[in-house]
Student: 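This is the structure I have questions about; it appears just below.
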Amino acid sequence: MTIYDSRTRASRLFQPLHPPRVGLYVCGLTPYAPAHVGHGRTFVFFDVVARALRRWGYRVFYVQNVTNLDDKLIARAAEEGSDPLALAERHFGDYRHAMERLGVRSVNYYPFATDYVPEIIGQIGALVDRGLAYRSEDGSVYYEVAKFPSYGELSGQKVEKLRPGARVEVDPHKRSPEDFAIWKAATPGEPSWESPWGPGRPGWHVEDTAITEHLLGARYDLHGAAVDLIFPHHEAEIAIAEGASGLAPLAAFWMHGGLLLLSGEKMSKSLGNILPLDTAIERAGPGPLRFYYINSQYRSPLDFDPEKSLSESAEAYARLRQPFDRIQQALALGGDDRPGEEAPAGLAEAAGELVDQLDTTLAEDFNTREAIASLFGWSRRLSELGERLDRLGGPALVRLRAPYDWAREVLGLLEEGAAAPSGNWSKMVGVAIAARARARARGDFAEADRIRDELQRAGVVLEDGTSGTRWKPVRTE
RNA sequence: GCCGAGGUGGCAGAAUGGUUAAUGCGACGGACUGCAGAUCCGUUUCCUGGGGGUUCGAUUCCCUCCCUCGGCUCCA
């Protein structure tokens with residue numbers, strides 16, 4: 001399999017440092033506010049990465065940190081009169097719930113920054129000892145970028161060309177504007193810890209590096225996040241970790257996902273164009289939203305259109321899953337061994353071949369979009385069977401379901417709202433359908449429509465076809 | 001200004017040095033239906049930002065220009 005490494009700007013064959021184990025680290029969020037749709041894209045994508053690697057036999061240890069203390073959290077907590085750590089805890093809980101609904105279950109561990117203060121202090125100490133960091137008069141510790149020659153390599157920046165103060169004011173305690181804080185001197189009333197440099201709290205970048213060094217080692221396989229973190233965050237991570245350990249590269253592969261834009265622009269508080277993740281989930285349902293996220297190449301920018309994106313995805317997703325739902329319903333009612341016809345010649349074999357092809361496709365830098373296109377092809381082939389699909393026996397259906405099973409396992413699609421009806425319930429529906437059929441036969445359409453409406457209210461949709469009436473549960477997501 | 005990512009049909013969005021540039025949405029037509037809905041099938045020929053170059057052949061590789069988005073010190 002190949003993965004695009006943004007540090008070397010090229011795709012390479014992926015080989016773990018310590019097979020079969022794979023260390024995967026993804027920059028999590030700073031839960032100072034509810035998560036928005038953009039966050040969903042990044043974390044759903046890396047969920048697919050972890051699922052795929054596991055399917056291919058790797059033992060993935062997936063770590064996603066939580067920056068539970070920083071300037072924004074402190075500021076927000078002060079506004080609300082609450083505690084920053086508690087505020088972070090609350091938003092993080094909401095985030096986990098949203099991820100659960102989206103089918104993101106691959107993360108092994110969500111370390112909180114404040115649980116790693118000793119490790120952070122240790123790493124800062126190593127940097128100070130090596131002369132890469134200095135303590136300023138105010139009790140903060142800064143990383144001295146000039147001491148790390150390859151600084152800027154990841155982002156292609158030259159330190160001299162940076163515009164100091166373009167967005168954030170230059171800190172007067174720094175020797176040089178590009179230096180960054182790894183330890184921030186304590187401010188009264190804010191959480192702080194004792195350290196060799198005086199009381200304070202960790203800077204952002206060093207949280208991640210201390211955590212990864214502790215959990216994944218000085219070097220690990222995959223580091224993921226969205227592109228907006230390349231500079232300065234990942235640049236700083238490299239400087240800290242490689243500077244402290246003397247080992248490089250920190251991550252064998254740097255994976256950067258494209259941003260999700262809202263009507264062409266990045267979501268930001270100042271523009272006031274934030275669509276909360278929960279709102280998007282409510283509006284579209286988790287399945288269509290997840291489908292939307294991975295229905296593009298992860299490195300491309302994705303322009304979210306509030307008017308169209310979700311409804312379009314819902315339509316497409318419904319079409320994709322149509323044959324799958326029919327199979328699932330048939331198996332739920334008749335069992336995996338239900339009697340019936342054999343699969344048409346070659347089709348069961350084609351299902352197996354498609355699964356192989358899906359693995360191959362995904363193994364090329366996680367091309368979820370191509371895989372989904374192939375799945376649509378499969379849905380079309382099954383749809384072309386028409387009502388013959390409903391007459392197939394259990395073993396045939398199970399074999400034809402294989403590509404969908406793959407989609408569930410790896411892409412995390414088709415997992416939700418399967419709403420398999422119970423046997424008793426389906427008997428009652430069968431009785432009602434039979435009664436309606438008699439009413440239709442004698443021309444009593446008022447009675448027929450009454451039965452249809454009643455079933456609709458009970459959560460069952462009827463579809464009249466050439467060889468009788470089919471039904472399915474109303475999907476509630 | 002510097003760095004990075006992009007520019008593909010009505011829209012979203014893939015791919016490839018070489019038949020008809022995938023897939024989906026939408027639209028149109030048809031099948032099915034008592035009606036509706038759902039579903040299915042078909043059609044959607046003139047779509048790769050502009051200009052150069054390399055090549056038998058470029059959407060793909062190179063140069064250049066234009067445009068959009070992102071980053072330029074605490075953004076997924």
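Letters A, B, ... are given to chains in the order of the sequence lines, protein chains preceding strands, and every chain is numbered from 1.
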Student: Classify the nucleic acid contact of A:Leu260 as base, sugar-phosphate or nothing, counting any heavy atom under 4.0 Å across all strands shown.
Tutor: base
Student: From the options B:C72, B:A5, B:A76, select the nucleotide whose nearest atom is closest to the side chain of A:Tyr4.
Tutor: B:A5
Student: Base, sugar-phosphate alone, or nothing: which one does A:Lys158 contact when heavy atoms must sit under 4.0 Å apart?
Tutor: nothing
Student: Would you indicate what A:Gly386 reaches in the nucleic acid, counting non-hydrogen atoms under 4.0 angstrom: base, sugar-phosphate, or nothing?
Tutor: nothing
Student: Could you tell me which non-hydrogen atom of A:Leu302 sits nearest to which non-hydrogen atom of A:Ser296, and how far apart they are?
Tutor: CD2-OG, 3.8 Å
Student: Write down the distance separating the P atoms in B:G26 and B:C32, rounded off to the nearest Å.
Tutor: 23 Å
Student: Shortest non-hydrogen contact from A:Ala280 to A:Leu289?
Tutor: CB-CD2, 4.0 Å
Student: Paired with B:C32 by Watson-Crick or G-U wobble geometry, both distances under 3.5 Å: which nucleotide is it?
Tutor: none
Student: Looking at every strand, decide which applies to A:Gln157 at a 4.0 Å heavy-atom threshold: base, sugar-phosphate, or nothing.
Tutor: base
Student: What interatomic distance, in whole Å, is found between C1' of B:C63 and the corresponding atom of B:G9?
Tutor: 29 Å
Student: What's the shortest heavy-atom distance between A:Tyr143 and A:Ala239, and which atoms?
Tutor: OH-O, 2.6 Å
Student: Using a 4.0 Å heavy-atom cut-off, does A:Gly257 contact any base of the nucleic acid, only the sugar-phosphate backbone, or nothing at all?
Tutor: nothing
Student: For a quick test of reading the model: is some side-chain N or O of A:Asn295 closer than 4.0 Å to OP1 or OP2 of B:G24?
Tutor: no
Student: Kindly point out which of B:G42, B:G24, B:A76 is positioned nearest to the side chain of A:Arg380?
Tutor: B:G42
Student: How close or far is atom C1' of B:A5 from atom CZ of A:Arg41, stated in whole angstroms?
Tutor: 12 Å
Student: Compare the minimum distances between each of B:C72, B:A76, B:G26 and the side chain of A:Pro232, then state the nucleotide with the smallest one.
Tutor: B:C72
Student: Below 4.0 angstrom, N of the basic side chain to O of the carboxylate: do A:Asp449 and A:Arg452 qualify?
Tutor: yes
Student: Would one find a side-chain N or O of A:Arg299 under 4.0 angstrom from OP1 or OP2 of B:G13?
Tutor: no
Student: Do the side chains of A:Asp228 and A:Lys266 get close enough for a salt bridge, i.e. N-O under 4.0 angstrom?
Tutor: yes
Student: Looking at every strand, decide which applies to A:Arg201 at a 4.0 Å heavy-atom threshold: base, sugar-phosphate, or nothing.
Tutor: nothing
Student: Heavy atoms from C-beta onward define the side chain here; which of B:U39, B:G13, B:A14 lies closest to that of A:Leu302?
Tutor: B:G13
Student: Scan A:Leu229 against the nucleic acid and name what it touches under 4.0 Å (heavy atoms): base, sugar-phosphate only, or nothing.
Tutor: sugar-phosphate
Student: At under 4.0 Å between heavy atoms, what does A:Asp449 touch on the DNA or RNA strands: base, sugar-phosphate, or nothing?
Tutor: base
Student: Knowing that exactly one of A:Glu237, A:Glu119, A:Gln123 qualifies, which makes a side chain to side chain donor-acceptor pair (under 3.5 Å) with A:Thr209?
Tutor: A:Gln123
Student: With side chains defined as the heavy atoms from C-beta onward, is the minimum distance between A:Tyr134 and A:Arg175 less than 4.5 Å?
Tutor: yes
Student: Using the P atoms only, state how far B:U8 lies from B:C69, rounded to an integer number of Å.
Tutor: 14 Å
Student: Taking only the P atom of each, what is the distance from B:G7 to B:G13 in whole angstrom?
Tutor: 10 Å
Student: Could you tell me how far B:U45 sits from B:C61 if I compare only their P atoms? Round to whole Å.
Tutor: 26 Å
Student: Please state whether the phosphate of B:A76, meaning OP1 or OP2, lies under 4.0 angstrom from any side-chain nitrogen or oxygen of A:Lys266.
Tutor: no
Student: Under 4.0 Å between a Lys/Arg side-chain N and an Asp/Glu carboxylate O for A:Glu144 and A:Arg135?
Tutor: no
Student: Has A:Ser300 got a side-chain N or O lying under 4.0 Å from the OP1 or OP2 atom of B:A14?
Tutor: yes
Student: Tell me which nucleotide, if any, is Watson-Crick or G-U wobble paired with B:G24 when both distances must be under 3.5 Å.
Tutor: B:C11
Student: Between the side-chain atoms of A:Arg452 and the base atoms of B:C35, is any donor-acceptor pair under 3.5 Å?
Tutor: yes
Student: Does the ring of A:Phe445 meet both stacking tests against the six-membered base ring of B:G34: centre distance under 5.5 Å and plane angle under 30°?
Tutor: yes
Student: Describe the nucleic acid contact of A:Arg436 in one word from base, sugar-phosphate, nothing, applying a heavy-atom distance below 4.0 Å.
Tutor: base
Student: Would you say a side-chain N or O of A:Ser296 is under 4.0 Å from OP1 or OP2 of B:G13?
Tutor: no
Student: Nearest to the A:Glu312 side chain among B:U23, B:A12, B:A76, which nucleotide is it?
Tutor: B:A12
Student: Assign A:Ala316 to base, sugar-phosphate, or nothing according to its heavy-atom contacts below 4.0 angstrom with the strands shown.
Tutor: sugar-phosphate
Student: Is there a Watson-Crick or G-U wobble partner for B:U55 with both distances under 3.5 Å, and if so, which one is it?
Tutor: none
Student: My understanding is that a pair needs two contacts under 3.5 Å, Watson-Crick or G-U wobble. By that rule, which nucleotide pairs with B:C72?
Tutor: B:G1
Student: Among A:His205, A:His173, A:His233, find the one that has a ring-ring contact (aromatic ring centres under 6.0 Å, His included) with A:Phe180.
Tutor: A:His205
Student: In whole Å, what separates the C1' atom of B:G24 from that of B:G71?
Tutor: 32 Å
Student: Can a side chain N or O of A:Lys308 be found less than 4.0 Å away from OP1 or OP2 on B:A12?
Tutor: no
Student: Scan A:Glu235 against the nucleic acid and name what it touches under 4.0 Å (heavy atoms): base, sugar-phosphate only, or nothing.
Tutor: nothing
Student: OP1, OP2 of B:G26 versus side-chain N and O of A:Arg319: anything below 4.0 Å?
Tutor: no
Student: Once you apply a heavy-atom cut-off of 4.0 Å, does A:Tyr298 come out as touching a base, just sugar-phosphate, or nothing?
Tutor: nothing
Student: Identify which nucleotide among B:A15, B:U39, B:A76 has an atom closest to any side-chain atom of A:Cys27, counting heavy atoms from C-beta outward.
Tutor: B:A76
Student: Need one value for A:Leu320: base, sugar-phosphate or nothing, where a base atom within 4.0 Å counts as base even if backbone is also close, heavy atoms only.
Tutor: nothing
Student: The side chain of A:Phe43 is closest to which nucleotide in this list: B:A76, B:G34, B:A14?
Tutor: B:A76
Student: Could you check whether A:Arg9 gets within reach of a base, just the sugar-phosphate, or nothing at all, counting any heavy atom under 4.0 Å?
Tutor: sugar-phosphate
